[in-house]
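Read through the structure below, which is laid out as structure tokens, and then see the notes.
Hydrogens, waters and symmetry mates play no part in the numbers below; they use all other heavy atoms, side chains included.
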Amino acid sequence: YAGNPSITASGQQVVIGRTIAAGPDVPFGTKVWIKGIGFRVVQDRGGRIGNEHIDVAVATQEEAFRGIGRAKSVVVIQRY
């Protein structure tokens with residue numbers, strides 16, 4: 001990754017636990033409800049985030065693997 005890790009692809013500041021990234025099929029600004037987490041707004045992308053995947057910002061790589069990591073969850077995407 002060559003960019004600033006504290007700024008999302010949409011230009012917003014990364015907020016741990018709040019910032020989410022989605023695949024290219026979900027536009028920036030889309031509201032998403034994630035079971036056990038609540039509502040979030042898509043603000044970022046990721047090179048390895050494909051369709052039907054959501055990535056929640058965490059503080060460390062260790063936390064990502066120890067915490068929710070690669071968990072399956074119910075996600076509802078608000079479409080207009």
Side-chain angles (χ1 to χ4, degrees):
Y1 178 73
N4 182 343
S6 65
I7 303 295
T8 67
S10 67
Q12 301 297 312
Q13 185 75 31
V14 172
V15 179
I16 302 302
R18 298 226 32 101
T19 300
I20 64 168
D25 61 325
V26 183
F28 291 139
T30 300
K31 288 184 180 181
V32 176
W33 178 83
I34 306 168
K35 183 178 180 181
I37 295 176
F39 283 99
R40 299 293 185 265
V41 175
V42 175
Q43 296 178 325
D44 207 6
R45 295 278 181 254
R48 294 185 166 186
I49 302 171
N51 295 337
E52 299 184 13
H53 291 91
I54 299 290
D55 191 15
V56 179
V58 294
T60 65
Q61 184 179 31
E62 178 184 279
E63 185 180 351
F65 290 116
R66 179 177 35 91
I68 60 175
R70 293 184 178 217
K72 290 187 179 189
S73 184
V74 175
V75 175
V76 178
I77 299 173
Q78 180 180 1
R79 302 281 187 185
Y80 297 95

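- Between Ile7 and Gln12, every side-chain heavy-atom pair lies at or beyond the 4.5 Å cut-off.
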Listing, residues 35-45 side-chain donor-acceptor contacts under 3.5 Å, not counting sequence neighbours, or none:
unit_1	atom_1	unit_2	atom_2	d
Arg40	NE	Gly17	O	3.0
Arg40	NH2	Gly17	O	3.2
Asp44	OD1	Ala9	N	2.8
Arg45	NH1	Ala22	O	3.2
Arg45	NH1	Gly23	O	3.3
Arg45	NH1	Val26	O	2.9
Arg45	NH2	Val26	O	2.8

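- Each of Ile49 and Val32 belongs to its own hydrophobic cluster when Ile, Leu, Val, Met, Phe, Trp and Tyr are linked at side-chain heavy-atom distances under 4.5 angstrom.
- Here the CD1-NZ distance, from Ile20 to Lys31, works out to 12.0 Å after rounding to the nearest 0.5 Å.
- Nearest heavy atoms, Val14 versus Pro5: CG2-O, 3.5 Å.
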